[in-house]
Amino acid sequence: MDCTKDRITEYIEQHLKATRLKHTYSVAEEAVKLAKQYGEDPQKAELAALCHDMVRNEAPETLDAYVREFGLPERLAGNVNLSHGKVAAELLKRDYGVTDEDIINAVSFHTTGRAGMSKLEKIIFLADAIELGRDYPSVEKLRKTAYTDLDRACMDSLAGSVEFVRSKGESLDPDTVDALNYLKEKQNL
Ligand code: FE
Ligand code: FE
């Protein structure tokens, strides 16, 4: 896994803009801390975090070309926000020999979450939302909840994204709605 980590690090150092690279390392740091807090494998968390935005700075046409090359759903084309995690997950499998399904899913669903998300998926989703560079009104509260109640923190973060996306009049990914309903049900809310 160390050699995979080195190759991924080389890739992101070459492909990501400075701010995105800083965000990525900050997500990795946060993900390792959360993994330790919740008994998840810190190395898996670190690797998933390093990969999660690896193609985020590629041109939209490049991402669309990957969407078609990998046979991903057509609705992802033209939507870099939704496609970048799915494309990264495919690259991990094809070019980096990553076979751990949990790492692949954590990368694939980092933007949306999904019903039945695993502990690692929740950790990456949250680390992305609360890393130290993030600055939005509810982030401080979310940072605290993240270290006391993983499900609750994911739920709060998802609820915030749903509200944000709706306020912009954009359409919500069904996985986000499913993830939110799943966590609500899990907590009997
Ligand atoms: Fe992302
Ligand atoms: Fe990110």
Side-chain angles (χ1 to χ4, degrees), residues 1-13 15-16 19-56 84-93 95-136 138-161 175-176 178-180 182-187:
M1 201 144 100
D2 265 357
C3 126
T4 308
K5 182 184 156 185
D6 290 347
R7 288 177 59 216
I8 294 287
T9 305
E10 198 184 321
Y11 182 95
I12 60 175
E13 289 277 347
H15 287 81
L16 294 183
T19 48
R20 183 64 55 175
L21 192 60
K22 193 167 174 243
H23 160 73
T24 296
Y25 287 133
S26 190
V27 174
E29 231 174 87
E30 198 71 51
V32 166
K33 279 202 270 177
L34 284 167
K36 287 178 179 162
Q37 175 79 1
Y38 291 107
E40 184 48 89
D41 181 342
Q43 278 185 309
K44 282 179 35 164
E46 186 184 35
L47 188 65
L50 290 173
C51 304
H52 86 285
D53 276 346
M54 63 189 284
V55 291
R56 190 65 181 81
H84 74 280
K86 308 288 175 209
V87 168
E90 294 298 329
L91 286 174
L92 288 187
K93 287 190 269 186
D95 298 345
Y96 293 88
V98 175
T99 53
D100 188 312
E101 285 293 329
D102 208 12
I103 295 178
I104 292 161
N105 287 330
V107 173
S108 181
F109 293 98
H110 83 263
T111 313
T112 58
R114 63 165 172 165
M117 54 202 294
S118 73
K119 196 196 283 180
L120 185 67
E121 289 173 54
K122 289 173 196 162
I123 286 171
I124 298 304
F125 176 80
L126 260 187
D128 195 19
I130 65 166
E131 59 94 354
L132 286 176
R134 294 289 196 199
D135 188 14
Y136 49 91
S138 54
V139 74
E140 270 315 318
K141 188 164 177 266
L142 194 59
R143 282 187 181 117
K144 286 198 187 95
T145 313
Y147 284 88
T148 54
D149 187 339
L150 190 62
D151 280 342
R152 178 85 217 191
C154 282
M155 201 182 79
D156 290 350
S157 180
L158 284 161
S161 335
D175 281 331
T176 303
D178 290 350
L180 183 55
Y182 161 77
L183 289 170
K184 273 187 187 165
E185 250 169 64
K186 211 175 163 216
Q187 316 221 2

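Index from 1, following the sequence.
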- Query: Heavy-atom distance under 4.5 Å between the side chains of L150 and E40, does that happen here?
  - Reply: no

query = Any side-chain heavy-atom pair from M54 and V107 closer than 4.5 angstrom?
reply = no

| task | Give a yes or no answer on whether the side chain of R7 reaches the backbone of D95 with a donor-acceptor pair at less than 3.5 Å. | result | yes

Please examine the side chains of M117 and F109, heavy atoms only from C-beta on, and report whether any two atoms are closer than 4.5 Å. no

Review point. Does T24 reach the main-chain N or O of R20 with its side chain, forming a donor-acceptor pair under 3.5 Å?
Key: yes

Output for pair (I124 CD1, S108 OG), nearest 0.5 Å, gives 13.0 Å

Rounding to 0.5 Å, atoms NZ (K141) and NZ (K144) come to a distance of 10.0 Å

Smallest heavy-atom separation, S157 atom then L126 atom, equals CB-CD2, 4.4 Å

A45 and V32 have their tightest heavy-atom pair at CB-N, 4.5 Å

Quick one, D53 and H84 - any side-chain contact, counting heavy atoms below 4.5 Å? yes

CG (L120) and CD1 (I104) are apart, to the nearest 0.5 Å, by 11.5 Å

Could you tell me whether K93 and E90 make a salt bridge, using a distance below 4.0 angstrom between a side-chain N and a carboxylate O?
yes

Quiz item: Below 4.5 Å, heavy atoms only, C-beta onward: do Y25 and L50 meet side chain to side chain?
Solution: yes

Taking the side chain as every heavy atom from C-beta outward, state whether D102 and E121 have any atom pair closer than 4.5 Å. yes

Worked check of side chain to side chain contact (heavy atoms under 4.5 Å, CB included) between Q187 and D149:
CA-CA 11 Å; Q187 316 221 2; D149 187 339; 4.3 Å; yes

Between the CG atom in L91 and the NZ atom in K86, the distance rounded to the nearest 0.5 Å is 14.0 Å

- Query: Relative to Y38, does K33 satisfy both conditions: NZ or CZ under 6.0 angstrom from the six-membered ring centre, and within 45 degrees of the ring's axis?
  - Reply: no

| said: Any non-hydrogen side-chain atom of I8 less than 4.5 Å from a side-chain atom of L92? | reply: yes

request  = Using a strict 4.0 Å threshold on nitrogen-to-oxygen distance, state whether R134 and D128 make a salt bridge.
outcome  = yes

Checklist entry - Under 4.5 Å between any side-chain heavy atoms of R114 and N105, yes or no? => result yes

Measure from the side-chain N and O atoms of R152 to the backbone N and O of A146, and report whether any donor-acceptor pair falls under 3.5 Å. no

Exercise for the section: Keeping the roles fixed (side chain from E131, backbone from S26), state whether a donor-acceptor pair exists under 3.5 Å. Expected result: no

Distance col, row K5:NZ vs E10:CD, nearest 0.5 angstrom, shows 14.0 Å

Rounding to 0.5 Å, atoms CZ (R56) and CD1 (I12) come to a distance of 15.0 Å

Nearest heavy-atom approach of A129 to V139 is O-CG2, 3.9 Å

Checklist line | Lys/Arg N to Asp/Glu carboxylate O, K122 vs D151, below 4.0 Å | finding: yes

Closest non-hydrogen contact found for L16 with L21 is CB-N, 4.1 Å

Heavy-atom closest pair (M155 atom, L180 atom, distance to 0.1 Å) is O-CD1, 3.6 Å

In terms of heavy-atom contacts, F125 and C154 come closest through CE2-O, 4.0 Å

